[in-house]
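Report on the structure given below.
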Amino acid sequence: MARRDYVRRPKIFIWDAILVLPLMALLLYPRLVTLLALLAVGTLLFILDRRGMAIPMTLRWLRTFLVGRRRYIRPPRRL
């Protein structure tokens, strides 16, 4: 078994199961804005999937981008 098969993402037909949250928002608040948000999230996930980036990997990259690569042993208030 390939290593990447250990962390297979659940899918509903051809879409990631992550799209269930925006889809629920669209069902509860049926407006053009939520439809566009659903399409944007779906397109972004599709592009990331084609590039080989999984959702957890993307979230780790985003956290590193926002916080930085430097890790501290102690919190800044305890110098």
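- Here CH2 of Trp61 is found 8.5 Å from CG of Leu66. Values are rounded to the nearest 0.5 Å.
- Summarising the geometry, atom CG belonging to Leu44 is positioned 12.5 Å from atom CG belonging to Leu39; distances are rounded to the nearest 0.5 Å.
- Residues Leu23 and Leu32 share a single hydrophobic cluster, defined by chaining ILVMFWY side chains whose heavy atoms lie under 4.5 Å apart.
- In this structure, Val67 is not a member of the same hydrophobic cluster as Met57, with clusters built from ILVMFWY side-chain heavy atoms closer than 4.5 Å.
- The backbone N or O of Pro30 sits nowhere less than 3.5 Å from a side-chain atom of Thr34 that would complete a donor-acceptor pair.
- Here the shortest heavy-atom pairing between Arg31 and Leu26 reads O-CD1, 4.0 Å.
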